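One structure is given below, encoded as structure tokens.
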Number of protein chains: 2
Amino acid sequence: MVTIKDIAKKAQVSVTTVSRALNGYDDVNKETRKKIIGVAEQLGYSPNIAARSLISKKTKTIGLLLSNVTRASSKDNIVFEVLCGMNDRAGELDYDLVLFSTTPQKQKIKSYKKLCNERGVDGVIISGIRLDDPYLEEIVSSDIPCVLIDIPLQGPNVGYVTSDNVKGAYTAVRHLLDNGHRHIGLINGHSQADVSIHRLKGYADALESCGIPYNEAYVVDGAFSESGAREAMYRLYSRFPELTAVFCASDLMALGAIQAVQGLGRLVPEDISVVGFDNIDLTAYHSPAITTVNQHKYETGYQAAQLLVDMLEGRNVNHHIVLNTELVKRESVRSLTRSNG
Amino acid sequence: MVTIKDIAKKAQVSVTTVSRALNGYDDVNKETRKKIIGVAEQLGYSPNIAARSLISKKTKTIGLLLSNVTRASSKDNIVFEVLCGMNDRAGELDYDLVLFSTTPQKQKIKSYKKLCNERGVDGVIISGIRLDDPYLEEIVSSDIPCVLIDIPLQGPNVGYVTSDNVKGAYTAVRHLLDNGHRHIGLINGHSQADVSIHRLKGYADALESCGIPYNEAYVVDGAFSESGAREAMYRLYSRFPELTAVFCASDLMALGAIQAVQGLGRLVPEDISVVGFDNIDLTAYHSPAITTVNQHKYETGYQAAQLLVDMLEGRNVNHHIVLNTELVKRESVRSLTRSNG
DNA sequence: CTGTTAGCGCTTTCAC
DNA sequence: GTGAAAGCGCTAACAG
């Protein structure tokens, strides 16, 4: 390993001068600097980050606390797209990403703060945790800058980026209403997800805009999973055969709901229309192709990285980013008024 | 920040003793140890990794050099699944993963070795680079332990994990042959991919096993992309209308090939049968569902992490891991002998 | 069993 | 413009 000491020796100067020259300080003689840089290159020097960050307390790394980066979350490539966005932006800003492997067991053992301190990350991006996750408390009270995805917390060191879930859900349900549907179910995620709360509101708002009373019994939770939604849809549809449409708070759940419909010997969209949320790739290839609400996943990650770095580098920016969504009309919605939705 | 110094002061011992107690050395009095651990916990101490690795030269981190963790690689969730596997195993073995953002531009500026040194990773896992990538040379000659995915290099510090691509391709093409197909095209990736070389061999071997002469003109490259394969298939099928089947070296390319077939007003599998490779999630939801060769993506990542850690910790293991593949029969292959394939 | 001392590679006062 | 020296938090001889 080549150190500045080696360079100093070879260039016949002190380590101090080497340090200054390499870090671009302007109080170094031009000739000296040139010489030092030459020697450094010749020796293939690269600075030791550990030593540097021991002093500066900065590591130029961002910690990632992501759930859903484990087995069998492959269909759910949302995390992946978000990750791609974070990776791209972090790279551009010259930060590296370190993935914390957070199994629930490990969480119990190691506190959030400890985790971050040990790994010496400058800040953290968190995604996929529940509102009742004990980590959340630690996060807000901690002084480590942090960006949350889909969790509305704000503070001097906490920001978040999310999608406009109310509007997204509203648009989806309005689309069903505009196509003549009057009995619309909702398969939501779970109560400890901020997006579920907002998507429920969008659903209710849309109904209200058409003067349709909100029926609590039409709303069930599917735990954001394919199987969860399948079960939920079985129950919902069996109990309320008058339903002509269902809005699912995620595409994965739309998949499950469709399976249930088919399991009951009915068809989508002939017997029941389905709208999902997320716009995962599968929806376009599924038969029927699934109408859904597009979420800008890549952008979410990109913005999260940007926001965190802004915070880290002391820029005064809005800690609250909300991205647009848009309805993607495909084949899983049938019009009850005319021939096609 | 709490340091061992703080603990030492409060526990009325020297820093050395604190260090030893906390690191589980057995030459510490039981009482002393208990006291120190107590104080450490009370103070919320967590060791500073930077300081520690400055001495030990170990960081317990694995660097990841992955292509395809950028925009628009979402359909290709292979990398993601591999990543999940690595993440899980690395977590179990108490290593963290750091994602190097390697844009081609950055690669030019910074050498592989420099990158690793600076970030102080103990070892590296590399995936998605071409055989003619300049990094490859550096990698073998470097002394940084490294595991490659789908690139057959071996050495004291280099290992790799891949799938049995010859057999996988062989099985796929045999399946077509067994269904009566005699004119079978191959849409391969590119010449600088090891998997392409092996899948071509499997294709040729299968033909040979049936006494069918290998026809070079039936083999084209699709660059592993949907659009590349679409173009390739247009050309191939227009030129050789006698083709009744095509084997694609990736599912993404199978998608593209099918689009071309449909673009020419033909149907899959009625007019032409298609077999893919990888078994990405889309294939099961596509209409028709695509017959493909399953690759154990998660396992690939899992094994890669395991192998690297084995190497890092000086265990004497085989540096060469080949995973099985298996044919997944679905709807994109038609039997020319009986009614159904 | 415990403490003293030195030093990992780097940055940063503070002199000169 | 340059260098000597101190110190970041930790570990590892080496004494005792």
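Note that the structure is predicted; figures quoted are calculated from it, not measured. Basis for what follows: all heavy atoms, side chains included, without hydrogens, waters or symmetry-related copies. Convention: sequence-line order gives letters A, B, ...; per-chain numbering from 1.
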Could you work out which one of [options] sits closest to the side chain of [X]?
X       : options                : value
A:Lys57 : C:dT11, D:dC8, C:dC1   : D:dC8
B:Arg52 : C:dC1, D:dT2, D:dT11   : D:dT11
B:Arg20 : D:dT11, C:dC10, D:dA13 : D:dA13
B:Leu54 : D:dG9, D:dA4, C:dG3    : D:dG9

Exercise. So A:His190 and A:Phe224, would you call those rings parallel, tilted or perpendicular, with 30° and 60° as cut-offs?
Worked result: perpendicular
Seminar exercise, completed: In terms of heavy-atom contacts, B:Asn157 and B:Met311 come closest through O-CE, 3.1 Å
Base, sugar-phosphate alone, or nothing: which one does [X] contact when heavy atoms must sit under 4.0 Å apart?
X       : value
A:Ser56 : nothing
B:Asn48 : sugar-phosphate
B:Asp27 : base
B:Thr3  : sugar-phosphate

[X] vs [N]: side-chain N/O to OP1/OP2 distance below 4.0 Å:
X       : N      : result
A:Tyr45 : C:dC10 : yes
A:Thr16 : D:dG3  : no
A:Ser19 : C:dT11 : yes
B:Tyr25 : C:dT2  : no
A:Ser14 : D:dT2  : no

Exercise. Within the side chain of A:Asp122, is there an N or O that forms a donor-acceptor pair under 3.5 Å with the backbone of A:Lys60?
Worked result: yes
For this session: With rounding to the nearest 0.5 Å, note down the distance linking CD1 in B:Ile62 to CG in A:Leu99.
Result: 11.5 Å
Atom pair distance, as rounded to whole Å: [atom1] in [X] and [atom2] in [N]:
X       : N      : atom1 : atom2 : value
B:Ile49 : D:dT11 : CD1   : P     : 10 Å
B:Ile7  : C:dT2  : CD1   : P     : 16 Å
A:Ile4  : C:dT12 : CD1   : P     : 11 Å

Problem set entry | Any donor-acceptor N or O pair under 3.5 Å, side chains A:Asp150, A:Thr162 | yes
